[in-house]
2 protein chains.
Amino acid sequence: MKTVPTIQDIAAAAGVSKSTVSLVLQQSPKIKAETADKVRAAAQLLGYVYNRGAANLRGTRSTIVGMVINDLTNPFFVELLVAIERVLAQSGYTTLMAHTAENVATQTRVLQSMREQNVAGLIMSPALGTPEQLPDEIKSWGIPLVLVMRPMGTDVDTVGVDNSFGFALATEHLIAQGHTRIAFAGNRTGYAVANQRRQGYLTAMASHALTVADEWIIDVELTPEGGRKAVRSIFEMRPRPTAVVCYNDQVAFGVLHELDRMGKRAGKALAVVGCDNVVAAEHTNPPLTTLSAGADKLGTIASETLLARLDPAADGKEPPVQYFAIPQLVVRESSVGSAGRHPHLSVDAPRTERRVAGQRQ
Amino acid sequence: MKTVPTIQDIAAAAGVSKSTVSLVLQQSPKIKAETADKVRAAAQLLGYVYNRGAANLRGTRSTIVGMVINDLTNPFFVELLVAIERVLAQSGYTTLMAHTAENVATQTRVLQSMREQNVAGLIMSPALGTPEQLPDEIKSWGIPLVLVMRPMGTDVDTVGVDNSFGFALATEHLIAQGHTRIAFAGNRTGYAVANQRRQGYLTAMASHALTVADEWIIDVELTPEGGRKAVRSIFEMRPRPTAVVCYNDQVAFGVLHELDRMGKRAGKALAVVGCDNVVAAEHTNPPLTTLSAGADKLGTIASETLLARLDPAADGKEPPVQYFAIPQLVVRESSVGSAGRHPHLSVDAPRTERRVAGQRQ
DNA sequence: CTGAAAGCGCTTACAG
DNA sequence: CTGAAAGCGCTTACAG
């Protein structure tokens with residue numbers, strides 16, 4: 001545990017005051033180039049390490065950003081995290097990460113800890129069941145907050161996806177393939193995102209005058225295991241759905257797997273669509289048709305939204321950002337070739353990835 | 001941006017000195033219970049938030065631990081990260097996370113940043129190509145370091161896996177299935193872990209007097225794309241291997257996928273074994289046989305190793321920990337049923353997951 | 001262009 | 001059992 005030199009030591013070595021050293025380290029133009037060079041040489045020589053904690057304490061700003069993620073077992077959130085971390089690092093911020101595992105109590109503890117660390121701002125994907133006044137409370141702490149993926153009112157910066165549009169798009173795709181009995185594997189009731197996704201599906205069905213049997217809305221855990229359970233339910237229904245829209249790729253992976261165990265193949269026995277377009281969706285057997293909003297793009301926008309709030313030039317009077325990406329459908333083999341009414345779709349689709357652009361009507 | 005109360009404010013409100021407040025917040029037994037209660041009540045009332053940065057600055061210890069991960073796109077490292085973060089949080093430490101994406105320059109920048117944040121300790125999975133003197137350099141900073149997954153000499157605390165044992169085990173499994181022409185999809189040359197894995201495979205082959213054709217050692221990227229390329233190579237070989245040991249599950253996923261594209265099935269056309277047992281390995285089509293060392297257990301051990309070093313009671317004279325887990329083989333469908341010489345193995349394996357315990361001879 | 005002084009919010013001996 | 005004082009490593013007005 002050798003003791004690290006401080007600006008005081010550099011000041012002594014360079015023969016200047018510590019004020020001067022501090023200004024040099026901040027790249028202040030007030031210091032003469034010659035003096036600055038002398039200081040930098042001394043710092044180099046002594047192996048100086050800037051103490052950001054001390055600077056944050058004395059100065060007004062901190063350079064730590066907290067990121068609170070609800071579910072790192074879902075690769076989508078990992079992709080988001082990686083993008084956010086990259087953009088923030090480029091702007092000189094360090095990312096303090098915490099994982100709540102969808103647990104509100106853990107989330108409370110974690111937020112407290114971030115507050116104690118004096119984070120400059122927070123990016124959070126709130127755990128399910130988060131009390132709706134939490135964003136206001138965080139704001140009352142004076143910490144800028146950007147919500148990702150899970151909106152909580154229009155009063156807080158939010159970066160997410162237009163889920164009802166996306167799920168309508170996915171359902172339309174299946175209808176265009178000739179399917180009329182389409183199931184939804186997700187939550188029957190639940191939080192905002194779950195409702196939006198279910199609603200998008202229902203809207204598309206209704207707009208084609210297709211009736212939705214109550215049992216087609218299958219309430220399952222949002223995991224591969226939930227997807228497997230959904231398949232078992234579907235194959236007990238009479239008449240049974242020929243297609244299923246899944247809450248996310250994790251559920252869809254379970255669907256693909258259970259079909260395989262039954263000796264059936266997605267795309268033939270059952271058309272399957274997921275949501276998130278995680279990297280693995282490209283390599284499943286068969287490859288998964290899924291909604292893509294671009295984790296990388298969403299992470300970038302979330303970071304930039306926060307950085308704008310942290311900019312000392314910001315007046316804090318800008319209205320809340322409410323950005324909802326329009327997802328695209330990436331068509332792969334899991335959703336084509338079963339209904340067979342659109343041969344042009346089933347010919348190339350298994351080999352050629354095509355993106356159906358989301359277009360609002 | 002309302003201003004947060006400090007211990008000074010609490011001291012005034014409670015009618016004591018700030019020394020007393022500080023001691024109460026540290027749960028010191030020196031303060032009379034009555035006084036302590038009074039102080040805590042005042043803190044509660046004012047909405048006091050402990051400023052850990054100030055405490056770290058004045059005190060000798062910091063409560064931030066840095067975690068440097070080379071590849072978060074590999075779910076194995078995410079599982080490791082989650083376990084580490086959980087254990088550290090339970091001990092009152094906050095985790096500062098950084099992702100290097102296998103880039104040594106990024107890693108250097110990130111380590112610098114962690115040093116500036118005055119982390120109490122570091123857990124690192126070094127990027128490929130990390131200079132071998134880095135652990136010594138970090139130690140010279142006075143920051144305890146635990147390496148995970150990728151050893152760099154015996155002089156630094158290390159938690160990893162006995163890779164050569166594991167890959168021998170995987171290869172033995174394939175030999176026991178009757179395979180004699182077994183390929184290896186990974187690196188032909190490379191860093192320590194790559195060499196250990198390849199060596200384990202070669203050792204098992206040699207111990208059964210099986211010759212390894214040079215082309216069977218296939219040099220590919222350690223990604224699904226690399227796995228796909230390996231399959232294409234294998235099917236051009238004459239005679240062709242009937243089984244392949246993959247560097248990790250990511251490569252194996254690509255293998256399973258390319259086989260599927262060719263209309264073939266892993267376990268029938270080609271026996272496939274992976275390494276890491278990531279959660280998704282259970283849900284691939286077909287499910288993947290793979291080596292498991294337990295990301296959760298490894299993460300727990302790594303955290304505990306670091307916590308022991310951070311314990312103020314530690315004398316710093318304990319010898320370096322060198323922990324290498326003995327992996328187990330989790331047998332699933334991807335590796336059985338193709339050679340058919342051991343019918344008892346191929347009957348239940350596709351449905352029943354069995355663990356073959358690793359036993360050193 | 002540079003220095004002396006005060007202070008960020010805590011903790012830690014040292015007195016009493 | 002509690003308080004007064006010094007100081008952790010910086011930054012920030014304020015002088016000059």
Side-chain angles (χ1 to χ4, degrees), chain A residues 1-40 42-43 46-64 115-120 141-142 312, chain B residues 1-40 42-43 46-64 115-120 141-142 312:
Chain A
M1 302 280 177
K2 79 162 70 165
T3 164
V4 180
T6 72
I7 55 169
Q8 192 70 268
D9 301 318
I10 304 181
V16 297
S17 76
K18 65 191 179 113
S19 313
T20 305
V21 175
S22 176
L23 291 171
V24 171
L25 295 175
Q26 295 173 76
Q27 324 257 24
S28 165
K30 295 181 188 170
I31 306 295
K32 198 164 50 165
E34 248 175 291
T35 315
D37 287 343
K38 204 168 54 179
V39 168
R40 273 189 283 264
L46 298 178
Y48 173 71
V49 179
Y50 187 77
N51 185 326
R52 217 159 276 283
N56 290 344
L57 175 60
R58 183 59 180 86
T60 40
R61 353 180 5 217
S62 136
T63 54
I64 304 185
R115 214 179 155 196
E116 293 184 356
Q117 299 288 356
N118 189 30
V119 295
W141 300 345
Chain B
M1 303 279 177
K2 79 160 71 165
T3 163
V4 180
T6 71
I7 55 169
Q8 193 71 267
D9 301 317
I10 303 180
V16 298
S17 75
K18 65 190 179 111
S19 312
T20 304
V21 174
S22 176
L23 290 171
V24 170
L25 295 175
Q26 295 173 76
Q27 324 258 24
S28 165
K30 296 180 185 170
I31 307 294
K32 200 165 45 168
E34 249 175 288
T35 315
D37 287 343
K38 203 168 55 180
V39 169
R40 274 191 282 265
L46 298 179
Y48 172 71
V49 178
Y50 186 77
N51 184 326
R52 217 158 275 282
N56 291 343
L57 177 59
R58 183 58 180 89
T60 40
R61 357 187 354 223
S62 138
T63 56
I64 304 184
R115 213 180 156 195
E116 292 184 358
Q117 299 289 355
N118 190 28
V119 295
W141 300 345

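Protein chains get the first letters and strands the later ones, always in sequence-line order, with residue 1 at the start of each. From a predicted model like this one, the values you see are computed outputs, not experimental measurements.
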Look through every strand shown and name the nucleotide pairing with dC1(D) as Watson-Crick or G-U wobble, where both distances are under 3.5 Å.
dG16(C)
Return yes if a side-chain donor-acceptor contact under 3.5 Å exists between Ser17(B) and Thr20(B), otherwise no.
yes
Check every strand shown and say whether Val49(A) touches a base, only sugar-phosphate, or nothing at a heavy-atom separation below 4.0 Å.
sugar-phosphate
Euclidean distance, atom OH of residue Tyr48(A) to atom C1' of dG9(D) [Å, nearest integer]
7 Å
Distance test, side-chain N/O of Thr20(A) to OP1/OP2 of dG3(C), below 4.0 Å:
yes
To the nearest angstrom, how far is Leu25(B) atom CG from dT12(C) atom P?
12 Å
For DNA chain D, whose closest nucleotide is more 5', that of Lys30(A) or that of Thr6(A)?
Thr6(A)
Please give, in whole Å, the distance from dC8(C) C1' to Ile7(A) CD1?
14 Å
Separation of atom CD in Gln117(A) from atom P in dC8(C), rounded to whole Å:
21 Å
Measure the distance from CG on Asn51(B) to P on dC10(C) and round it to the nearest whole Å.
5 Å
Nearest-nucleotide pick for Leu57(A), side chain only, options being dA5(C), dG9(C), dT11(C)
dG9(C)
Just by modelled atom types, is the Thr6(A) backbone N or O under 3.5 Å from a matching donor or acceptor in the Asp9(A) side chain?
yes
Please confirm whether the shortest side-chain N or O distance from Ser22(B) to OP1 or OP2 of dG9(C) is below 4.0 Å.
no
To the nearest Å, give me how far apart CZ (Arg52(B)) and C1' (dG9(C)) are.
13 Å
When we call it a touch if two heavy atoms are under 4.0 Å apart, what does Gln26(A) touch: a base, just sugar-phosphate, or nothing?
sugar-phosphate
The side chain of Arg58(A) is closest to which nucleotide in this list: dG7(C), dC1(D), dG9(C)?
dG7(C)
Please find the pair of heavy atoms, one from Leu46(A) and one from Ala13(A), that lie closest to each other, and give the distance.
CD1-CB, 4.1 Å
Lys32(A) vs Ala54(A), nearer the 5' end of DNA chain C by closest nucleotide
Lys32(A)
Of the listed nucleotides dT11(C), dT11(D), dA5(D), the one nearest the side chain of Ser19(B):
dA5(D)
To the nearest 0.5 Å, atom CZ of Arg115(B) lies from atom CG of Asn51(A) at 11.5 Å
Please tell me if Ser17(B) has a side-chain N or O lying less than 4.0 Å from either OP1 or OP2 of dT2(D).
no
Let's go through Asn56(A) and Thr63(A) carefully: what are the C-alpha distance in whole Å and the side-chain angles of both, what is the deciding distance for side-chain contact (heavy atoms from CB on, under 4.5 Å) to 0.1 Å, and is it a yes or a no?
CA-CA 7 Å; Asn56(A) 290 344; Thr63(A) 54; 3.9 Å; yes
Taken to the nearest whole Å, CD/Gln8(A) to P/dG7(D) is 12 Å
Once you round it to whole Å, what is the distance between P of dT11(D) and CG of Leu23(A)?
8 Å
